[in-house]
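In each ligand, atom 1 is the first atom listed, and ligand 1 is the first ligand listed.
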Amino acid sequence: MNNFIFHNPTKLIFGKDTIANISTEIPAGKKILVTFGGGSVKRNGVYDQVTKALEKFEYVEFWGIEPNPTVETLRKAISIVKSENIDFILAVGGGSVIDGSKLIAAAALIEEDAWDLVRRPSLYKGVLPLASVLTLPATGSEMNRGAVITNQNLKEKFAFYSAYPIFSILDPQVTFSLPQFQIACGLTDTFVHVLEQYLTTTDQSQLMDRWAEGILSTIVEIAPRVCSKDLDYNDMATFMLSATMALNGFIAMGVTQDWATHMIGHELSALHNLTHGHTLAIVLKGTMWVMKEEKGDKILQMGRRIWGIEETDKEQAIRMTIECTDGFFRSLGLKTRLSENNIGADTIDEIVKRFRERDVHFGENRSVDPENTRKILEYVM
Ligand code: NZQ
Ligand code: ZN
């Protein structure tokens with residue numbers, strides 16, 4: 001096990017009717033920017049609960065942070081924060097609204113442009129205090145310091161690291177209005193977050209392995225029910241907590257991590273505006289197959305423990321594990337081939353070109369280079 005420091009300061013407020021807690025969690029006297037997406041919160045009652053809880057506060061609303069949040073939209077919010085002397089940000093939405101708000105909270109403290117901050121971490125000078133009301137289980141943004149920002153003009157998408165939310169409110173009741181496709185993408189994102197931290201080598205930490213496998217098995221178990229029409233509170237609560245636990249540092253203690261599938265997926269979103277979880281369902285099969293020499297033993301462990309594969313021939317068992325994983329995403333209704341999503345070889349060429357220019361080496365062994373990226377994407381064509 002590698003050395004590590006674990007520190008996650010986000011206060012998690014979880015359960016039925018917890019949105020009202022906003023009123024006591026935000027310090028009195030703060031002037032708040034409340035950020036939203038495209039309007040789902042007006043249809044499912046979240047907006048009414050948030051505004052009721054904010055009755056005693058002075059606040060400004062900012063609407064329109066889109067899925068795959070763009071710096072072009074966020075710049076407008078940053079200028080409002082500066083001109084209105086806002087000193088607290090409350091993000092109400094999915095990962096995109098929370099991520100976008102993390103950039104707003106950081107860019108408001110510097111003179112330079114927000115995109116420069118995304119590309120040059122040295123410009124970072126801290127953040128305004130930020131909290132969230134999560135409406136979509138998927139990204140873990142409610143309890144981590146990551147944010148992924150798109151530049152629509154450049155067709156680029158990059159991760160950026162700012163601060164953890166001070167508190168995040170997770171009321172599973174708000175997930176009942178999620179469209180089936182977003183549930184499928186959220187389950188997939190959660191599943192692949194775990195794999196990015198698990199699917200490396202065996203025998204680094206039995207405890208991390210079992211925690212990771214606990215989340216994977218839980219997602220597999222609840223997926224058919226969470227994807228059905230009859231949603232159950234406990235299932236949605238389990239889904240929501242699984243997504244948070246998958247990317248808040250808990251399963252990353254002392255182990256190596258991969259993230260190549262995410263990095264390639266971000267390019268598919270940047271070029272085609274695909275939903276994040278969907279990109280992972282496409283790319284992962286290729287990563288598992290192309291990197292199977294390095295990841296083979298862990299793929300076998302996953303096959304045995306998650307999919308119950310008892311095949312003793314190593315190559316065959318690896319194939320079966322990859323097929324079960326891909327089959328799981330397809331069972332959620334996701335199309336897992338590039339061609340099924342009208343994405344052609346020109347996109348592969350463009351991603352490989354970008355990765356050459358950036359001289360990238362992703363993965364736990366830094367071996368997912370532009371050439372392996374081509375193999376991964378061609379495998380899932
Ligand atoms: O915009 P509204 O109208 O609110 O609708 C949203 C949006 O259209 C809708 N939605 C959210 N909650 C709902 C709901 N509809 C009905 N009922 C609800 N309760 O869902 C759509 C998608 O929302 P979005 O926030 O984009 O989804 P998600 O939470 O999956 O976030 C995706 C973004 O997060 C980034 C992704 O790259 C992507 O940009 N990620 C952030 C990470 C992080 N911060 O650590 C890690 C992840 O790997 C990921 O990269
Ligand atoms: Zn993700």
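A donor-acceptor contact shorter than 3.5 Å links the side chain of Glu66 to the backbone of Thr70. In this structure, His278 contributes its side chain and Lys335 its backbone to a donor-acceptor pair below 3.5 Å. Judged purely by atom type and a 3.5 angstrom limit, Ser269 uses its side chain to pair as donor or acceptor with the backbone of Leu274. Asn372 contributes a side-chain N or O that, together with a main-chain N or O of Ser367, makes up a donor-acceptor pair within less than 3.5 Å. Counting only distance, with no hydrogens or angles, the side chain of Asp235 and the backbone of Leu231 share no donor-acceptor pair below 3.5 Å. A distance-only check finds a donor-acceptor pair linking the side chain of Asn8 to the backbone of Asn248 [under 3.5 Å]. Proximity of a side-chain donor or acceptor of Thr73 to a complementary backbone N or O of Ile65 within less than 3.5 Å is not detected. A donor-acceptor pair is defined here as one N or O able to donate and one able to accept, closer than 3.5 Å; no such pair exists between the side chain of Thr18 and the backbone of Phe14.
Polar contact check, Gly38 against ligand 1: a nitrogen or oxygen pair lies under 3.5 Å apart.
Residue contacts with ligand 1 include Pro69, since one of its heavy atoms falls under 4.0 Å from the ligand. Using a non-hydrogen distance threshold of 4.0 Å, Gly39 registers as a contact of ligand 1. The closest approach between Val174 and ligand 1 falls below 4.0 Å for a heavy atom of the residue.
Of the candidates Ser96, Gly140, Ser162, Gly146, Ser96 brings a heavy atom nearest to atom 26 (O) of ligand 1. Distances from atom 47 (C) of ligand 1 to the heavy atoms of Gln173, His193, Glu196, Lys42 put His193 nearest. Nearest-residue assignment for atom 42 (C) of ligand 1 (options Val46, Thr139, Asn68; heavy-atom criterion): Thr139.
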Steps toward salt bridge (charged side-chain N to carboxylate O under 4.0 Å, His left out) verdict (Asp87, Lys31): CA-CA 6 Å; Asp87 56 8; Lys31 184 167 181 190; over 6 Å; no
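Nearest protein heavy-atom contact of atom 29 (O) of ligand 1 is Gly95 N, 2.7 Å. Closest to atom 23 (O) of ligand 1, if we only count protein heavy atoms, is Leu136 CD1, 3.4 Å. Nearest to atom 45 (O) of ligand 1 among the protein's heavy atoms is Asn144 ND2, 2.9 Å.
For residue Glu196, no N/O/S atom approaches the Zn ion (ligand 2) to within less than 2.8 Å.
Near Ser40, the atoms of ligand 1 lying under 4.0 angstrom from a non-hydrogen atom of the residue are 2 (P), 3 (O), 4 (O), 5 (O), 10 (N), 13 (C), 14 (C), 15 (N), 16 (C). Close approach of ligand 1 to His266 is summarised as follows: ligand atoms under 4.0 Å from at least one heavy atom of the residue are 37 (O), 50 (O). Near His262, meaning under 4.0 Å from any of its heavy atoms, are these atoms of ligand 1: 48 (O). Close contacts of ligand 1 with Asp99, meaning ligand atoms under 4.0 Å from a residue heavy atom, involve 34 (O), 35 (C), 40 (N), 41 (C), 42 (C), 43 (C), 44 (N). The atoms of ligand 1 that sit less than 4.0 Å from any heavy atom of Lys157 are 36 (C), 37 (O), 38 (C), 39 (O). Every atom of ligand 1 with a heavy atom of Gly37 under 4.0 Å away is listed here by number and element: 1 (O). Every atom of ligand 1 with a heavy atom of Pro179 under 4.0 Å away is listed here by number and element: 15 (N), 16 (C). Listed by number with element, the atoms of ligand 1 under 4.0 Å from a non-hydrogen atom of Ser177 are 16 (C), 17 (N), 18 (C), 19 (N).
Counted within 6.0 Å of CZ on Phe176, heavy atoms from surrounding residues, nucleotides or ligands total more than 12; the atom is thus considered enclosed.
The backbone and the side chain of Pro67 each have at least one atom closer than 4.0 Å to an atom of ligand 1 (non-hydrogen atoms only). Residue contacts with ligand 1 for Thr135 involve both N, CA, C or O and side-chain atoms from C-beta outward (heavy atoms, distance under 4.0 Å). Contacts between Thr150 and ligand 1, counted as non-hydrogen atom pairs separated by less than 4.0 Å, are absent for every part of the residue. Contact annotation: for Leu178 versus ligand 1, heavy atoms closer than 4.0 Å belong to both the backbone and the side chain. Residue-level proximity to ligand 1 for Asn44 is carried by the side chain, the only part with a heavy atom below 4.0 angstrom.
Under the side chain to side chain contact (heavy atoms under 4.5 Å, CB included) test applied with Pro165, the options Lys102, Arg145, Lys11 reduce to a single match, Lys102.
The Zn ion (ligand 2) sits nearest to atom NE2 when only the N, O or S atoms of His262 are considered. Restricting Asp189 to its N, O or S atoms, the one at the least distance from the Zn ion (ligand 2) is OD1.
Asp209 is listed as a side-chain neighbour of Glu213, based on a closest heavy-atom distance under 4.5 Å.
Salt bridge present: Arg374 and Asp349 bring a charged side-chain N and a carboxylate O closer than 4.0 Å.
Under the 6.0 Å distance and 45° angle rule, Lys30 does not count as a cation-pi partner of Phe57.
Aromatic ring orientation, Tyr124 versus Phe160: perpendicular (interplanar angle above 60°, classes split at 30° and 60°).
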